[in-house]
S.K.: 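Below is one structure. I have some questions about it.
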Amino acid sequence: MKQTYINELSQHVGAEVTLKGWLYNMRSSGKLMFPQLRDGTGIVQCVVLKKAISEELWEALKGLGQESALIVRGTVRADERAPGGYEIDVSDAEVVSPTHDYPITPKEHGTEFLMDHRHLWLRSRRQHAIIKVRHTVIKAVRDFLDNDGFTLADSPIFTPAACEGTTTLFEVNYFDDEKAYLTQSGQLYNEATAAAFGKTYCFGPAFRAEKSKTRRHLTEFWMVEPEVAYATLDDVMNLSERFLSYIAARVLDQRGEELKVLERDTAKLEAIVPPFPRLHYNDAVRMLQEGHERGEIETRFEWGGDFGSPDETYLSGKYDKPLMVHRYPAAVKAFYMARDTENPELALGVDVLAPEGYGEVIGGGERATSLDFLREQIALHQLPEESFDWYLDLRRYGSVPHGGFGMGIERCTAWMCGIEHIRETIPFPRMLYRLKP
RNA sequence: UCCGCAGUAGCUCAAUGGCAGAGCAUCCGGCUGUUAACCGGAGGGUUGUAAGUUCGAGUCUUACCUGCGGAGCCA
């Protein structure tokens with residue numbers, strides 16, 4: 001019997017269909033029961049009249065627990081009383097596998113319990129909605145870049161050296177002669193592919209061995225990193241702006257139902273359209289200091305540092321669009337950043353701070369082009385130059401201005417969904433103290 | 001790593017230093033339109049671990065374990 005999916009029911013009103021799924025919830029009275037069936041595309045309420053089916057089947061259905069696997073045959077009927085607008089008048093059913101004592105009940109649970117049962121938690125309505133939004137964010141990312149002339153050229157996951165700091169690397173003992181690490185960014189490799197293809201991106205997992213315990217951190221997360229040859233800082237900012245706007249528009253267009261489940265204020269997403277406000281680091285510092293004088297911020301921010309989480313929240317709170325802060329002190333940024341010709345102390349980097357306290361969703365900028373300058377920086381940061389030989393070749397052979405950025409998929413998804421913690425935006429989160437399931 | 005909070009039934013939580021409790025879930029029974037259905041009944045406990053104070057500790061003290069929130073760091 002051909003399977004019909006719940007999200008297609010509107011095309012089958014009046015027809016007999018076969019649904020295959022799991023029991024989401026069950027209510028029953030003496031001669032009538034209302035099993036709700038879930039099949040991954042939606043949830044539909046079924047109506048079973050005792051007199052419409054056999055005695056054996058009635059008894060079998062009566063004893064079913066939540067998440068029992070079930071095939072149901074019946075007629076589709078539009079009904080205002082049903083959540084979702086459609087109901088199935090059941091004529092026959094088959095119990096594929098009965099279940100009892102499903103751990104996650106339709107009541108409240110704590111985070112630890114739910115995370116221990118993450119493999120089951122994904123079946124719930126809210127988690128289902130979040131992962132669907134994540135899927136759409138990723139699809140939008142790929143469509144935007146593919147349609148904009150970018151070529152996917154993924155970077156390796158095993159790397160011989162740090163890309164940025166060395167303290168946050170996961171070491172792998174496998175390769176005979178040298179230590180290997182899990183990648184924390186595909187950035188350096190992107191610069192090589194950008195010189196080959198012009199506009200490239202990589203998209204994959206990144207690993208940070210940070211002892212971070214906040215709602216914005218995972219030890220394993222997914223990152224998309226576009227890189228463009230001949231791009232300046234302004235080009236990078238323009239690209240970020242179009243990129244984020246495209247993602248928000250796509251989520252609004254295709255995930256309306258899910259945003260409703262998540263009770264997301266969609267006006268916040270509709271506001272994400274170009275142009276985004278752009279703020280020079282110096283002006284951001286001034287705002288923070290004025291905020292301190294007015295008593296809105298506890299500690300006074302001094303020029304030269306990187307913004308802390310409360311600083312970011314304060315700044316982005318002034319706008320209802322993502323805020324682009326550019327030209328940070330070079331001392332707090334990565335070694336490969338290009339310098340501002342007007343003030344060599346400043347790096348041509350940009351952080352895009354999402355509104356509503358979601359923090360930095362994009363970090364990027366223009367890369368340094370001079371061989372001598374990079375050698376100097378590598379020595380200054382006490383990095384092993386031999387590991388960067390191939391990277392320096394990019395400056396030896398046809399070095400041009402170029403730039404790009406990285407965006408964390410989970411942070412972006414959390415922002416789109418309007419949820420508190422990014423641990424819910426990836427099917428199986430890896431965090432400090434969380435390796436299972 | 002640092003600061004703060006928490007750990008009691010499968011789950012969410014109560015319990016002045018004095019008999020270990022409720023709702024949900026589970027099991028049994030009832031109900032022909034339920035929306036986290038409802039009504040009646042039953043089973044379910046080494047109060048995170050170890051020590052200490054006390055006639056008596058879920059409750060007070062110390063250490064440890066686990067988790068949560070935040071900071072730093074970052075996307």
Side-chain angles (χ1 to χ4, degrees), chain A residues 24-36 43 45-52 62-63 65-67 77 79-84 87 89 99-117 121 124-125 163-168 183-187 203-225 240 298-299 305-313 332-334 350-354 358-364 405-415 420-423 425-426 431-434:
Chain A
Y24 191 74
N25 198 5
M26 169 86 97
R27 282 177 281 272
S28 71
S29 52
K31 288 160 186 161
L32 182 68
M33 64 173 82
F34 299 97
Q36 291 191 330
I43 297 172
Q45 175 163 287
C46 305
V47 184
V48 184
L49 284 167
K50 189 173 185 184
K51 61 186 177 192
K62 212 170 72 175
Q66 196 185 343
E67 290 301 321
R77 177 168 43 77
D79 192 317
E80 283 182 4
R81 290 171 295 185
E87 273 187 350
D89 287 323
T99 296
H100 287 283
D101 297 312
Y102 184 70
I104 302 177
T105 62
K107 298 287 174 183
E108 291 169 27
H109 298 285
T111 314
E112 184 187 2
F113 175 81
L114 289 169
M115 273 300 169
D116 284 342
H117 296 84
W121 189 22
S124 73
R125 207 188 289 255
C163 165
E164 300 177 10
T166 49
T167 54
T168 63
T183 183
Q184 52 188 183
S185 160
Q187 152 70 37
F203 181 44
F207 307 87
R208 304 273 168 93
E210 293 157 353
K211 301 286 184 199
S212 295
K213 264 177 64 81
T214 81
R215 67 185 69 179
R216 293 179 304 278
H217 286 86
L218 297 169
T219 54
E220 177 184 318
F221 66 100
W222 285 67
M223 185 157 63
V224 58
E225 296 173 276
S240 308
E298 216 169 298
T299 51
D306 206 351
F307 302 132
S309 177
D311 304 317
E312 286 184 358
T313 304
V332 300
K333 289 291 173 185
V350 58
D351 283 354
V352 183
L353 308 179
Y358 281 98
E360 185 182 344
V361 287
I362 281 181
F405 62 79
M407 184 187 79
I409 292 297
E410 289 79 16
R411 282 191 187 174
C412 181
T413 303
W415 170 34
E420 275 289 303
H421 204 300
I422 67 169
R423 66 186 156 207
T425 63
I426 185 166
M431 299 176 288
L432 191 61
Y433 311 131
R434 171 64 64 185

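Labels below follow one simple rule: chain letters A, B, ... track the order of the sequence lines, proteins then strands, and each chain is numbered from 1.
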S.K.: Rounded to whole Å, please give me the gap between CG in A/Asp311 and C1' in B/C73.
M.R.: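 My rounded result for the distance is 14 Å.
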S.K.: Classify the nucleic acid contact of A/His421 as base, sugar-phosphate or nothing, counting any heavy atom under 4.0 Å across all strands shown.
M.R.: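 Here A/His421 touches the backbone only, sparing every base.
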S.K.: With a cut-off of less than 4.0 Å, is there a side-chain N or O of A/Ser309 near OP1 or OP2 of B/A71?
M.R.: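 True: A/Ser309 side-chain N/O within range (under 4.0 Å) of B/A71 OP1/OP2.
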S.K.: Between B/G58 and B/U1, how many Å separate the two P atoms, rounded to a whole number?
M.R.: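 About 32 Å, rounded to a whole number of Å.
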S.K.: If a protein heavy atom is under 4.0 Å from the base, mark B; if only from the sugar-phosphate, S; if neither, -; do that for nucleotides 23-34 of chain B going 5' to 3'.
M.R.: -SSSS---BBBB
S.K.: What interatomic distance, in whole Å, is found between C1' of B/G33 and the corresponding atom of B/C28?
M.R.: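 The same atom, C1', in both gives a distance of 25 Å.
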S.K.: Report the distance from atom CG of A/Leu114 to atom P of B/U12, rounded to the nearest whole Å.
M.R.: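 So the two atoms are 8 Å apart, to the nearest Å.
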S.K.: Enter the distance from A/Arg423:CZ to A/Leu218:CG here, rounded to the nearest 0.5 Å.
M.R.: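 Here the rounded value is 10.0 Å.
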S.K.: Do you see a donor-acceptor pair shorter than 3.5 Å between the side chains of A/Gln66 and A/Thr105?
M.R.: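 Side-chain D/A pair, A/Gln66 to A/Thr105: absent.
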S.K.: Distance between the P atoms of B/G21 and B/U16, in whole angstroms?
M.R.: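 14 Å, rounded to whole Å.
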S.K.: First locate atom CG of A/Asp351, then atom NZ of A/Lys333, and finally report the distance between them rounded to the nearest 0.5 Å.
M.R.: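 The distance works out to 3.5 Å.
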S.K.: With P as the reference atom in both, quote the distance from B/G41 to B/C55 in angstrom, rounded to an integer.
M.R.: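 Looking at atom P only, B/G41 and B/C55 are 43 Å apart.
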S.K.: Roughly how many Å is it from NE2 in A/His109 to C1' in B/G10, rounded to a whole number?
M.R.: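 From A/His109 NE2 to B/G10 C1': 10 Å.
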S.K.: How close do A/Glu312 and A/Glu360 get, counting heavy atoms only, and between which atoms?
M.R.: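 That closest heavy-atom pairing would be OE1-N, 3.6 Å.
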S.K.: B/C74 base to A/Arg411 side chain: any donor-acceptor pair below 3.5 Å?
M.R.: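 Present.
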S.K.: Please give me the minimum heavy-atom distance between A/Met26 and A/Met33, naming the atom from each residue.
M.R.: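 Of all heavy-atom pairs spanning A/Met26 and A/Met33, the closest is CE-SD, 3.7 Å.
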S.K.: Using 0.5 Å steps for rounding, measure from the CD atom of A/Glu67 to the OG1 atom of A/Thr99.
M.R.: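 Answer for the CD-OG1 pair, A/Glu67 versus A/Thr99, is 7.5 Å.
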S.K.: Would you indicate what A/Leu218 reaches in the nucleic acid, counting non-hydrogen atoms under 4.0 angstrom: base, sugar-phosphate, or nothing?
M.R.: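 A/Leu218: base contact, heavy atoms under 4.0 Å.
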S.K.: Distance check, P atoms only: B/C11 and B/U46, in whole angstrom units.
M.R.: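 Per the computed distance, 12 Å lies between those P atoms.
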S.K.: When all nucleic acid strands are considered with a 4.0 Å heavy-atom cut-off, which category describes A/Asp351: base, sugar-phosphate, or nothing?
M.R.: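 Nothing, no nucleic acid heavy atom in range.
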S.K.: Short question: side chain of A/Glu225, backbone of A/Gly186 - any donor-acceptor pair under 3.5 Å?
M.R.: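 Yes, A/Glu225 side chain to A/Gly186 backbone: donor-acceptor pair under 3.5 Å.
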S.K.: If you define the side chain from C-beta out and look only at heavy atoms, does anything of A/Lys62 sit under 4.5 Å from A/Val48?
M.R.: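 In short, these two side chains do not touch, never coming nearer than 4.5 Å.
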S.K.: In whole angstrom, what separates A/Phe307's CZ from B/A75's P?
M.R.: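 Checked: the CZ to P distance equals 14 Å.
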S.K.: Roughly, in whole Å, what's the span from CZ in A/Phe221 to P in B/C73?
M.R.: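 For the pair A/Phe221 CZ and B/C73 P, the rounded distance is 16 Å.
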S.K.: Not counting sequence neighbours, which residues clear ring pair (Phe, Tyr, Trp, His ring centres under 6.0 Å) with A/Tyr102? List them please.
M.R.: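 Partners of A/Tyr102 by the ring pair (Phe, Tyr, Trp, His ring centres under 6.0 Å) criterion come out as none, since no residue qualifies.
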S.K.: In dot-bracket, 5' to 3', how would RNA chain B read with Watson-Crick or G-U wobble pairs under 3.5 Å, [ ] for crossing ones and | for pairs to another strand?
M.R.: (((((((..((((....[..)))).(((((.......))))).....(((((..]....))))))))))))....
S.K.: Nearest 0.5 Å, please: how far is NZ in A/Lys31 from CG in A/Leu49?
M.R.: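 These two atoms lie 11.5 Å from each other.
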S.K.: What's the CE-P distance between A/Met115 and B/G7, to the nearest Å?
M.R.: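 That distance rounds to 21 Å.
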S.K.: Given that A/Phe113 and A/Val361 both sit by RNA chain B, which one's nearest nucleotide is further toward the 5' end?
M.R.: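 Its nearest nucleotide lies further toward 5', so the answer is A/Phe113.
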S.K.: Distance check, C1' atoms only: B/A57 and B/G17, in whole angstrom units.
M.R.: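 About 7 Å, rounded to a whole number of Å.
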S.K.: Any chance you could measure A/Glu220, atom CD, to A/Arg208, atom CZ, to the nearest 0.5 Å?
M.R.: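 It comes to 13.0 Å.
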S.K.: Quick one: label A/Arg423 by what it contacts on the DNA or RNA (base, sugar-phosphate, nothing), any heavy atom closer than 4.0 Å.
M.R.: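 Sugar-phosphate contact only.
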S.K.: Taking N and O atoms by type only, does the side chain of A/His217 place a donor or acceptor under 3.5 Å from a partner on the base of B/C74?
M.R.: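 Flag set: donor-acceptor pair detected.
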S.K.: Taking the same atom, C1', in B/G44 and in B/A9, what whole-Å distance lies between them?
M.R.: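 Looking at atom C1' only, B/G44 and B/A9 are 6 Å apart.
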S.K.: When the C1' atoms of B/U53 and B/U62 are compared, how many Å lie between them, rounded to an integer?
M.R.: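 11 Å, rounded to whole Å.
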S.K.: Using atom CD1 of A/Ile422 as one end and atom C1' of B/G69 as the other, report the distance to the nearest whole Å.
M.R.: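 To the nearest whole Å, that distance equals 15 Å.
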S.K.: Give the rounded distance in Å between these two atoms: CD of A/Glu112 and P of B/C11.
M.R.: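 Value for this atom pair: 10 Å.
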S.K.: Checking all strands, does A/Gly110 fall into the base, sugar-phosphate, or nothing category for heavy-atom contacts under 4.0 angstrom?
M.R.: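 Sugar-phosphate, backbone atoms only, no base.
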